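These numbers come from a predicted model, not from an experiment.
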Amino acid sequence: MSPRPNPPLKCLPSTPTGPYLAEPAPAVTGGGAAKGVAEGVLTDALPDQQMGDGRYPIAWLTVSAPRGAVPTATSICACGRNRFAAGQRKALALIEDHTRHRDLCPLRTHQEGAAV
């Protein structure tokens with residue numbers, strides 16, 4: 001069996017010719033939106049609409065236990081701690097370890113007045 005010949009590629013002319021040439025856009029005068037900004041797009045940074053109480057998350061525990069599959073758990077903390085466990089027994093142990101880490105994490109413990 002011989003290979004099929006490749007059909008010739010369709011080539012477009014390098015520069016368009018004829019009556020379908022694009023005309024230059026009219027110049028915009030006066031104020032208005034900045035050049036290149038789409039109509040209706042907000043350009044000013046809006047303040048955060050959430051009125052928080054100053055708290056923010058630093059540790060995350062993610063547990064996945066789909067029916068019929070191996071349960072997994074991931075414990076991540078902003079202090080650099082990143083642990084993973086697969087299997088029911090190991091996932092339960094990681095959940096307990098994550099709970100203990102909340103009391104020992106250097107980002108959560110108050111360092112003022114601690115002896116160095």
Side-chain angles (χ1 to χ4, degrees):
M1 176 179 250
S2 62
R4 295 181 9 185
N6 291 335
L9 297 176
K10 181 179 178 182
C11 295
L12 298 175
S14 59
T15 56
T17 59
Y20 48 86
L21 287 174
E23 296 180 9
V28 178
T29 59
K35 182 177 180 182
V37 176
E39 184 178 335
V41 175
L42 298 175
T43 56
D44 292 336
L46 297 175
D48 189 8
Q49 298 298 321
Q50 296 178 346
M51 300 301 292
D53 57 1
R55 297 184 300 173
Y56 57 93
I58 60 169
W60 299 264
L61 177 66
T62 306
V63 178
S64 175
R67 184 176 304 205
V70 177
T72 60
T74 305
S75 173
I76 301 173
C77 184
C79 71
R81 182 177 192 270
N82 189 351
R83 305 267 169 85
F84 174 80
Q88 181 178 2
R89 195 181 64 211
K90 290 181 180 180
L92 290 172
L94 181 60
I95 294 169
E96 290 177 20
D97 184 53
H98 178 84
T99 304
R100 275 192 308 273
H101 177 74
R102 292 190 324 192
D103 297 331
L104 303 175
C105 179
L107 297 178
R108 289 184 46 110
T109 56
H110 191 59
Q111 299 295 323
E112 186 176 319
V116 179

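Under the side-chain hydrogen bond (donor to acceptor under 3.5 Å, both in side chains) criterion, His98 pairs with Ser75, sequence neighbours left out.
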Only distances under 3.5 Å count here; give the side-chain donor-acceptor pairs of residues 61-72 to other protein atoms, sequence neighbours excluded, each with its distance to 0.1 Å.
none

Taking distance alone, no hydrogens or angles, what donor-acceptor pairs closer than 3.5 Å link side-chain atoms of residues 83-95 to residues at least two apart or in another chain?
residue: Arg83; atom: NH1; partner: Asp97; partner atom: OD2; Å: 3.3

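Residues His101 and Cys79 meet the side-chain proximity criterion, which asks for heavy atoms closer than 4.5 Å.
Think of Ile76 as one node in a network of Ile, Leu, Val, Met, Phe, Trp and Tyr side chains linked at under 4.5 Å; its network also takes in Trp60.
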